[in-house]
Amino acid sequence: MTKVRVRFAPSPTGPLHIGGVRTALYNYLFAKKHGGNFILRIEDTDQTRFVEGAEKYIEEALQWSGLNFDEGVTKGGKFAPYKQSERREIYKEYADVLIKNGWGYYAFDSAEELDKLRTEAEANKNIFTYGPSTRKNLKNSLTLSNTTVEKLISEGNAYVIRFKTPENEEILMTDIIRGDVKVNTSTLDDKVLFKSDGLPTYHLANVVDDHLMEISHVIRGEEWLPSLPLHYMLYRAFGWQNTMPQFAHLPLILKPTGNGKLSKRDGDKMGFPVFPINWNVPNTEEIFSGYREAGYLPEAFVNILAFLGWNPGDEREIMTLTELVEEFSLERVSKSGARFDPEKAKWYNHKHLQLKDNELLVSDFKALLSEKNIEVNDKLISEIIPLIKERANFIADFWENSHFFFIAPKQYDEKAVKKHWKPEIPELLNQVKEIINNSSNFTRDNLHDEVIKYIEKNEISVGKIMNALRLCIVGSPSGPDLFKIIELIGKKETINRIEIAIKTIIN
Ligand code: GLU
């Protein structure tokens, strides 16, 4: 195989939706799997759709996701510049080549003239297309004399350059995911390749850059499949067939219901993010929420995306980026749309949180505690994390699972009180309190053994004491190992909590 070079080529027309990040991810995985390069190219030739901040957002989102590119605007590279607006002279040159070799022509029809034709066609229940059957009657270099064309251009009349679609020809294409695709050119129109503003359209810039940047594989969303015949014809028109990249069009990401494409408004409507990181809509107060800010780990995020349209062919679901690189293949990407499941997304985060080294969670947990005005040492935090992590989907859940390590219960679970706070409990707990108070070895195991010894000696049921003691310490019937909590909160605090509970709980 020739050197693998793939590109992710977003247009900075807004924030990157998770579908876009998945395209970037599959490009990244494919490149890394084959020891190739992953390139970020910014396709900003449509200036009417330019959105402030979008380019920066794209880079930040890729960076957070761990998808580092080898060449790009901020990274440079052998084929720089990587931003199309900085390559404008190049495209004009290639548009001229097409005019010269007969694959392109100048068209002078004004927007009003074309609108009129469209309206007339609509009135006859037809659709107007500028193409093989209509171009012979329109204002272009195929119908006007050379002198007229030169005159119109030199007088500064606006023109576009269109692709001259061959008449009634079968275009045979191959897509790595979809197999062979066939299209008759009679269904196509003569796309504009070069606009009157002096900039190329997507089609021209995209093909020229893929060629010049020696792209070996074009991996992109399915919405670009209808453009493939034109791109094939452009490679032919330039005489670049032999080095044409291979194509792979990725399936859509569908709404959780499975009905239709996941749209950028779905997420906040249905309560889950569809963007990698928060996007503040420029000049408004509106914010689209992102996975980063919702508390997802980047490794979980890429795992979720990888499985939207691909799987390794076995039972594995939890995979790191390195494992994904090892296993990835375009042949295993499915043709059909992938339904997004927000609950499954949380599950992925839960699983990756469990895999994460506890020491790496300390600072996040500390920050969470700091928001509650709780300052504790790292050692205590490191001891608490393994006790509470299993019950958490997100780091933010740590608080709910751990507050009793830092503050005494303010209330007691009513149901548990009803069930476990029998009249004899205060008396029994006073004795347990004494055992704890007299314990000289304040460790989880020793405290446990001493209390159990007392229970056995007095023939009390274990549950009776444990449930009541847990109510005193935690306030509810849940939480991690009770004696570990006692060890960590310390003797004084434990005694205090038992005394307060005895005073306050009335059943
Ligand atoms: N600029 C196009 C986009 O915004 C790129 C499509 C392609 O990868 O060819 O998606």
Applying side chain to side chain donor-acceptor pair (under 3.5 Å) to Ser85 and Asp44, what does each step give before you reach the verdict? CA-CA 6 Å; Ser85 59; Asp44 60 346; 2.7 Å; yes
Should Leu40 and Ile58 count as side-chain neighbours, where that means a heavy-atom distance under 4.5 Å? yes
Test item: side-chain donor near acceptor, Ser11 and Thr13, under 3.5 Å: no
Atom CZ of residue position Arg236 - does it have more than 12 heavy atoms of other residues, nucleotides or ligands inside 6.0 Å? yes
Describe, in one word, how the ring planes of Phe398 and Phe365 are oriented to each other, choosing from parallel (under 30°), tilted (30 to 60°) and perpendicular (over 60°). perpendicular
Determine, for Lys491 against Glu493, whether the closest basic-nitrogen to carboxylate-oxygen distance falls under 4.0 angstrom. no
Please report whether the ring centroid of Phe301 lies less than 6.0 Å from that of Trp64. yes
Are Thr48 and Asp46 linked by a side-chain donor-acceptor pair shorter than 3.5 Å? yes
Phe238 and His211: aromatic ring centres closer than 6.0 Å? no
Minimal non-hydrogen separation, Pro251 against Ser336, with atom names: CB-O, 3.3 Å
Give the ring-plane orientation class for Tyr235 versus Phe247, where under 30° counts as parallel, over 60° as perpendicular and anything between as tilted. perpendicular
Smallest heavy-atom separation, Leu98 atom then Leu193 atom, equals CD1-CD1, 3.5 Å
Apply side chain to side chain donor-acceptor pair (under 3.5 Å) to the pair Glu450 and Asn446, showing each step before the final yes or no. CA-CA 6 Å; Glu450 286 184 20; Asn446 187 54; 2.9 Å; yes
Test side chain to side chain donor-acceptor pair (under 3.5 Å) applied to Thr174 and Gln246, step by step: CA-CA 8 Å; Thr174 306; Gln246 285 181 260; over 6 Å; no
Do Tyr291 side-chain atoms and Pro273 backbone N/O form a donor-acceptor pair below 3.5 Å? yes
More than 12 heavy atoms of other residues, nucleotides or ligands under 6.0 Å from CD of Glu390: is that the case? no
Working note: Phe406 + Ile384, criterion side-chain contact (heavy atoms from CB on, under 4.5 Å); need CA distance, chi angles, decisive distance, verdict. CA-CA 11 Å; Phe406 312 103; Ile384 294 175; 3.5 Å; yes
Does Ile18 reach the side chain of Leu262, with side-chain heavy atoms less than 4.5 Å apart? yes
Sub-4.5 Å side-chain heavy-atom contact between Met270 and Pro256: yes
So, applying salt bridge (charged side-chain N to carboxylate O under 4.0 Å, His left out) with Asp209, which one of Arg88, Lys83, Arg7, Arg87 is it? Arg87
Trace of the salt bridge (charged side-chain N to carboxylate O under 4.0 Å, His left out) decision for Glu323 with Arg316: CA-CA 10 Å; Glu323 289 165 342; Arg316 273 175 302 169; 5.9 Å; no
If we only count heavy atoms from C-beta on, is the Arg497 to Ile489 side-chain gap below 4.5 Å? yes
Counting only heavy atoms from other residues, nucleotides and ligands, does the tally under 6.0 Å from CD of Gln241 exceed 12? yes
Atom of Pro166, atom of Met233 and distance for their closest heavy-atom approach: CD-SD, 3.5 Å
Only residue of Lys32, Lys75, Arg5 satisfying salt bridge (charged side-chain N to carboxylate O under 4.0 Å, His left out) with Asp70 is Lys32
Assess, by modelled atom type and distance only, whether the side chains of Glu71 and Asn37 contain a donor and an acceptor separated by less than 3.5 Å. yes
Indicate the atoms forming the closest heavy-atom contact of Arg339 with Leu308, along with that distance. O-CD2, 3.7 Å
Hey, is the main chain of Gln84 close enough, under 3.5 Å, to the side chain of Arg41 for a donor-acceptor pair? no
Hey, are Lys195 and Asp197 close enough for a salt bridge, meaning a charged N less than 4.0 Å from a carboxylate O? yes
Please determine whether the number of non-hydrogen atoms from other residues, nucleotides or ligands lying under 6.0 Å from atom CG of Asp357 exceeds 12. yes
Compute the centroid of each ring, for Phe69 and then for Tyr28, and state whether the two points are separated by less than 6.0 Å. no
Test side chain to side chain donor-acceptor pair (under 3.5 Å) on Lys419 and Asn467 and set out the steps. CA-CA 9 Å; Lys419 201 160 158 209; Asn467 289 322; over 6 Å; no
Between Trp310 and Tyr26, ring centroids under 6.0 Å: no
Indicate yes or no for a side-chain donor-acceptor contact from Asn349 to the backbone of Ala300 under 3.5 Å, with no hydrogens or angles considered. no
Any donor-acceptor N/O pair, Glu286 side chain to Val281 backbone, under 3.5 Å: no
So, the side chain of Thr45 versus the backbone of Leu199: is there a donor-acceptor pair under 3.5 Å, distance only? no
So that I can tick it off, tell me whether Asp266 and Lys264 are bridged by a salt bridge, with the cut-off set at under 4.0 angstrom between side-chain N and carboxylate O. no
Test: Arg391 and Asp397 ion pair at under 4.0 Å: no
Donor on one side chain, acceptor on other, Thr320 and Glu299, under 3.5 Å: no
Kindly assign one of parallel, tilted or perpendicular to the pair Trp224 and Tyr202, based on the angle between their ring planes and the thresholds 30° and 60°. tilted
Considering residues, nucleotides and ligands other than Lys92, do more than 12 of their heavy atoms fall under 6.0 Å from its NZ? yes
What's the separation between atom CZ in Arg444 and atom CG in Asp481, rounded to the nearest 0.5 Å? 4.0 Å
Ring centres of Tyr94 and Trp240 under 6.0 Å apart? yes
Inspect the contact between Lys33 and Glu327 and indicate whether a charged nitrogen and a carboxylate oxygen are less than 4.0 angstrom apart. no
Shortest non-hydrogen contact from Pro480 toward Asn401: CD-O, 4.5 Å
Between Phe394 and Tyr296, ring centroids under 6.0 Å: yes
Can you label the angle between the Phe307 ring and the Tyr348 ring as parallel, tilted or perpendicular, going by 30° and 60°? tilted
Check this for me: does any side-chain nitrogen of one of Lys56 and Glu59 sit under 4.0 Å from a carboxylate oxygen of the other? no
Take Phe8 and Leu16 through the side-chain contact (heavy atoms from CB on, under 4.5 Å) test and state the conclusion after the steps. CA-CA 12 Å; Phe8 175 52; Leu16 205 55; 3.7 Å; yes
Counting only heavy atoms not in Lys351, do more than 12 fall under 6.0 Å of its NZ? no
Minimum-distance pair of heavy atoms, taken over all atoms of Val21 and Ser65: CG1-OG, 4.0 Å
With a 4.5 Å heavy-atom cut-off, do Asp180 and Leu172 have their side chains touching? no
Atom CD of residue position Gln411 - does it have more than 12 heavy atoms of other residues, nucleotides or ligands inside 6.0 Å? no
Do the side chains of Leu212 and Ile90 get nearer than 4.5 Å, heavy atoms only? yes
Just checking, is any N or O donor in the side chain of Asp190 or Thr165 under 3.5 Å from an acceptor N or O on the other one? yes
Any luck finding a side-chain donor-acceptor pair between Arg178 and His249 under 3.5 Å? no
Does one side chain, of Glu43 or Asn206, offer a donor that lies under 3.5 Å from an acceptor on the other? yes
